[in-house]
Participant: 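Have a look at this one.
Counting starts at 1 for both ligands and their atoms, following the listed order. Below, each value reflects all heavy atoms present in this structure, side chains not excepted, and no hydrogens, waters or symmetry copies.
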Amino acid sequence: MDTARIRADFPALSCTVHSHPLVFLDSAASSQKPLPVLEAMERVYREYYANVHRGIYAFSEEATLAYENARDRVASFINARGREEIVFTRNTTEAINLVAYTWGRANIRPGDRILLTEMEHHSNIVPWQLLAQEKGAQLVYLPITDDGFLRMDLLDSLLDGQVKLVAVTMMSNVLGTINPVREIVQKAHGAGAVVLVDAAQAVPHMPVDVQDPDCDFLAFSGHKMCGPTGIGVLYGKEALLEAMPPFLGGGDMIRKVEWESATWNRLPWKFEAGTPAFVEGIGLGAAVDYLSGIGMEAIAAHERGLTAYAMERLSVLPGLSVIGPPAHQRGGVVAFTFRGIHPHDIAHMLDMEGIAVRAGHHCAQPLHRRLGLTATVRASFYLYNTAEEVDRLAQTLERVGETLGR
Ligand code: 7TS
């Protein structure tokens, strides 16, 4: 992979922050955007902007075609069986809420169980809490080991026939753990449960094929994969989506509206009420083309190399401890604590040197509590990061340790 050429595609990466060249190590929160994505969106606004799915005129037809074409590209990017299985949402969070509010309300009954894991992001916990409270259902958590793996040895006993849904992250945004989703899906299906995969940290970073593992729902966000904000994806098996009631009501999602009732549009538009974020959808299509052009396998390998190097460089700093699995069993996130220094102080000092990392609980408070922590610092890598940037992180942390360490 030619990282220098890739970096030239991302205007933000040549910025200076506090008089230092930017080192952007927070792509797990949201990635930077390459020129083809920026240009695709600007082209819509300048050259053919009009609302989709309604105009009988050239601009609207062109915008509709481009938006629906982006859906096709997303469908093939994750190997969906068809375009009707790709529902555009705002982000991963909205995709998961869509399933909780529609499939969940129609299928979860008092006494049912929803199985989550101890490493979920808040957006794959809170929607299920709301559903469970409304329905009198129960949440059950598959525990993790101290080094950040799922306790797969406990899965069979937790899948007790009461579990109607398993919702699991493909990759932890804190530990970096890549979970054995294929095995989880097989076991869950064997126990009669439906499986939702939170792929917010997976689809941007590795090849993902919804047919293997054969999951029922899969959610991800455009903004973490070089696309714009405001666009995300819910993949759902056609038969499940077909049977689900709609989520939001309004224009575009209907077939026919009477005074007292309405019937629904075909998939996937049944779940896309109102004017969709079509410019952002077109931007996401461009992001998918950009990532595919480089190759997801190559991106994953690049991040594996950087992660291993970062773990090697950081773990020799006295008093620094990285949480989660060894390098060869994780994706490109490295969260750590350092000599009792508050993570916000570390992040602030790194920022003064132009290095952007995230500090806090990373929207995974229960996970941090399980690990006996309140907060960590997290560096996360993407296709545009380099070993030199890891060096700058390590060198700056060394100075932070000397200044603030106990
Ligand atoms: N699931 C996982 C595993 C995530 O990492 C995130 C966002 C989400 C769901 C929610 O995505 P959204 O696009 O709907 O917000 N994770 C992070 C993060 O790690 N730092 O900021 C956002």
Participant: Which atoms of ligand 1 sit under 4.0 Å from any heavy atom of Ala28?
Facilitator: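 Matching atoms, with element in brackets: 17 (C), 18 (C), 19 (O).
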
Participant: Mind running side chain to side chain donor-acceptor pair (under 3.5 Å) on His368 and Thr376 for me, showing each step along the way?
Facilitator: CA-CA 8 Å; His368 276 77; Thr376 50; 2.9 Å; yes

Participant: Considering only heavy atoms, does Thr93 approach ligand 1 within less than 4.0 Å through its side chain, its backbone, both, or neither?
Facilitator: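 Contact part for Thr93 vs ligand 1: both backbone and side chain.
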
Participant: May I ask you to check whether over 12 heavy atoms, not counting those of Arg81, lie within 6.0 Å of atom CZ?
Facilitator: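 Check passes, neighbour count above 12.
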
Participant: If the cut-off is 4.0 Å to any non-hydrogen atom of Gln201, which atoms of ligand 1 fall inside it?
Facilitator: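 Within the 4.0 Å cut-off of Gln201, ligand 1 contributes 3 (C), 4 (C), 5 (O), 16 (N), 19 (O).
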
Participant: What atoms in ligand 1 come closer than 4.0 Å to a heavy atom of Ser221?
Facilitator: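 Counting atoms of ligand 1 from 1, those under 4.0 Å from Ser221 are 11 (O), 12 (P), 13 (O), 14 (O).
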
Participant: Side chains of Asn173 and His362: is there a donor and an acceptor less than 3.5 Å apart?
Facilitator: no

Participant: Which ligand 1 atoms, with their elements, are less than 4.0 angstrom from a heavy-atom of Ala29?
Facilitator: 18 (C), 20 (N), 21 (O), 22 (C)

Participant: Heavy-atom contacts under 4.0 Å between His223 and ligand 1: side chain, backbone, both, or neither?
Facilitator: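 The answer is the side chain of His223.
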
Participant: Note the single closest protein heavy atom to atom 17 (C) of ligand 1, along with its residue, its atom name and the distance in Å.
Facilitator: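 Result: Lys224 NZ, 3.1 Å.
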
Participant: Would one find an N or O of Thr169, backbone or side chain, under 3.5 Å from an N or O of ligand 1?
Facilitator: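 N/O-N/O distance below 3.5 Å does not exist for this pair.
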
Participant: Return the residue, atom name and 0.1 Å-rounded distance of the protein heavy atom closest to atom 3 (C) of ligand 1.
Facilitator: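 The protein heavy atom lying closest is Asp198 OD2, 3.4 Å.
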
Participant: Test Phe10 against Tyr290 for ring pair (Phe, Tyr, Trp, His ring centres under 6.0 Å), laying out the working first.
Facilitator: CA-CA 12 Å; Phe10 291 79; Tyr290 183 80; 5.8 Å; yes

Participant: Of the choices His362, Arg358, Arg378, His121, which has the non-hydrogen atom that lies closest to atom 19 (O) of ligand 1?
Facilitator: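 Residue with the shortest heavy-atom distance to the ligand atom: Arg378.
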
Participant: Indicate yes or no for a side-chain donor-acceptor contact from Glu303 to the backbone of Gly331 under 3.5 Å, with no hydrogens or angles considered.
Facilitator: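 Not a single qualifying donor-acceptor pair exists.
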
Participant: Going by the atom numbers of ligand 1, which of them fall below 4.0 Å from some non-hydrogen atom of Thr92?
Facilitator: 9 (C), 11 (O), 14 (O)

Participant: In ligand 1, which numbered atoms sit nearer than 4.0 Å to a non-hydrogen atom of Ser123?
Facilitator: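 Counting from 1, the qualifying ligand atoms are 1 (N), 8 (C), 9 (C), 10 (C).
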
Participant: Does Arg71 qualify as a cation-pi partner of Tyr67, given the criterion of NZ or CZ under 6.0 Å from the six-membered ring centre and within 45 degrees of its axis?
Facilitator: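 Here Arg71 passes the 6.0 Å and 45° test against Tyr67.
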
Participant: Strictly by modelled atom types, are Asn385 and His302 linked by a side-chain donor-acceptor pair under 3.5 Å?
Facilitator: no

Participant: Go through the side-chain N and O atoms of Ser221 and Thr92 and say whether any donor and acceptor fall under 3.5 Å apart.
Facilitator: yes

